[in-house]
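Here is the naming used below: chain letters follow the sequence lines, and residue numbers restart at 1 for every chain.
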2 protein chains.
Amino acid sequence: MKKTEIKRQLVIEKIADHLLANGMKEASLRRLAAAAGMSDRMLLHYFVNKDELLTAALILITERLIVMLEGARLEQLPYPILLPHLAGMMKNPQIRPFLRLWLELVSLSSGAEAACHAAAQQIRDIFFDWMTAVLKVEREEERKPLAALAFATIEGLVLLDALDSGSLIESALEGVKMQNR
Amino acid sequence: MKKTEIKRQLVIEKIADHLLANGMKEASLRRLAAAAGMSDRMLLHYFVNKDELLTAALILITERLIVMLEGARLEQLPYPILLPHLAGMMKNPQIRPFLRLWLELVSLSSGAEAACHAAAQQIRDIFFDWMTAVLKVEREEERKPLAALAFATIEGLVLLDALDSGSLIESALEGVKMQNR
DNA sequence: TATTATATGTAGCGATCGCTACACAATTAT
DNA sequence: ATAATTGTGTAGCGATCGCTACATATAATA
């Protein structure tokens with residue numbers, strides 16, 4: 001009797017792909033159904049409503065993100081090295097869709113959508129925890145503050161990236177170098 | 001025969017207020033019309049379509065932002081002082097709506113809406129120019145890179161703020177202090 | 001004053017949205 | 001084999017969206 005459950009999982013995978021590729025603004029039930037290769041009617045057979053579907057897909061996305069960051073784990077780097085490294089990761093076509101989607105979720109979560117807010121917060125935590133683990137510090141009490149600072153800065157760069165502000169990003173990274181000279 | 005033009009300006013003011021107060025997601029023609037105290041039919045009498053209306057309102061908003069930042073001009077501050085100062089400004093109820101709206105515009109501009117993209121880029125430039133002017137540097141070649149870095153960091157804090165991540169913001173500011181000790 | 005242009009209201013079109021009612025086939029359980 | 005449960009398709013509801021046709025009132029111009 002688990003055939004339904006298997007199908008459900010398959011659908012969730014496809015919806016997650018679609019969300020990462022196209023963002024939340026293309027996420028009407030009919031479009032999502034097309035992406036999953038079925039009718040909207042069937043989507044609502046597997047999921048009680050759109051919100052539950054989105055929640056499931058966003059949870060899968062966060063799980064994928066965890067796996068990906070786990071795979072990208074590297075030896076600890078000190079702040080001035082870590083930041084340009086992260087800026088490079090930001091352009092990685094495997095990671096970039098997560099950042100874009102996350103930006104959209106943050107913006108949406110200011111409003112109503114409960115699923116978006118929860119997902120946005122969870123993705124924030126995932127990124128921050130990873131950043132905390134990968135930062136090399138001289139004294140442990142520096143870890144959390146510097147990780148938070150690196151996180152905030154990278155987010156700012158993500159925002160600039162969404163606005164095609166490449167030169168500003170380069171300038172900011174230049175600023176990091178200057179600061180730690 | 002300028003009565004129409006006067007009315008137009010009045011409408012633009014009210015729409016701008018509404019956008020700052022409620023964001024872009026509540027910006028259907030009918031809602032905007034209610035905010036302007038008229039019917040949607042009349043809105044489309046004064047403006048050829050929704051896009052033109054939004055563009056006009058967003059332009060007014062950027063003008064207001066310029067005036068506000070001009071008023072908030074302060075003597076130049078060095079980076080480690082400027083950043084917490086900006087973080088404080090971020091919570092100012094006069095400025096916060098601009099930041100929230102700007103975040104939403106950036107997210108929207110990744111997609112289609114032309115008006116949003118243009119407005120988002122312009123607001124970015126306004127903030128960055130102001131940041132550049134208000135930063136105190138020891139050598140002039142530091143100005144642009146450090147302003148860009150400060151800008152990116154503040155934007156990251158805006159993002160965190162939209163997610164109710166107050167403690168992360170505090171940590172990040174603590175990180176700034178540590179870095180410049 | 002007569003004519004023309006501008007201002008405002010009512011109603012609704014066609015598209016899309018999330019979602020549901022109804023019908024029927026396929027599978028499973030008894 | 002019969003009954004009950006589960007899967008799938010068609011059609012459409014009511015709401016909202018941006019926008020428009022049509023009508024009339026008001027004002028500007030001749």
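- Nucleotide C:dC13 holds its P atom 15 Å from the CG atom of B:Asp40, rounded to whole Å.
- Taking atom CD on B:Glu26 and atom P on D:dG18, their separation rounds to 12 Å, with Å as the unit.
- Comparing C:dT8, D:dG9, C:dC19 by their closest approach to the side chain of A:Met42 singles out D:dG9.
- Ring geometry, A:Phe151 versus A:Phe128: the interplanar angle falls from 30° to 60°, so the pair is classed tilted.
- One finds no side-chain N or O of B:Ser28 lying less than 4.0 angstrom from the OP1 or OP2 phosphate oxygen of D:dT16.
- In summary, of the residues considered (B:Val158, B:Ile154, B:Ile81), a side chain to side chain contact (heavy atoms under 4.5 Å, CB included) with B:Leu86 occurs for B:Ile154 alone.
- Atom P of nucleotide C:dA11 and atom CZ of B:Arg30 are separated by 14 Å, given to the nearest angstrom.
- Listed for the A:Glu104 side chain is a donor-acceptor partner under 3.5 Å among the backbone atoms of A:Met24.
- A straight line from CG of A:Leu44 to P of C:dA21 spans 12 Å, rounded to a whole angstrom.
- Residue contacts for A:Ala27: at a heavy-atom cut-off of 4.0 Å it reaches the sugar-phosphate backbone alone, with no base atom in range.
- Where A:Arg31 and A:Arg41 each meet DNA chain C at their nearest nucleotide, the meeting point lying more 5' is that of A:Arg31.
- Nearest nucleotide to the side chain of A:Lys50, out of D:dT8, C:dT8, C:dC19: C:dC19.
- Listed candidates were D:dG9, D:dT8, C:dT8. Nearest to the side chain of A:Ser39 is D:dG9.
- Both A:Leu44 and A:Ile15 are members of a single hydrophobic cluster when ILVMFWY side chains are connected at heavy-atom separations under 4.5 Å.
- Heavy atoms of A:Phe47 sit nowhere under 4.0 angstrom from any nucleic acid atom.
- If you check distances only, the side chain of B:Asn49 never reaches the base of D:dC19 with a donor-acceptor pair under 3.5 Å.
- We find that NE2 of A:His45 is positioned 15 Å from P of D:dT5, with the value rounded to whole Å.
- If you take CD on B:Gln179 and CD on A:Glu142, they are separated by 9.5 Å, rounding to the nearest 0.5 Å.
- Summarising the geometry, the separation between CE on B:Met38 and P on C:dT10 is reported as 14 Å, rounded to the nearest angstrom.
- Here C:dT6 presents its P atom at 17 Å from NZ of B:Lys7, a figure rounded to the nearest Å.
- Between A:Lys25 atom NZ and C:dT16 atom P there is a gap of 17 Å when expressed in whole angstrom units.
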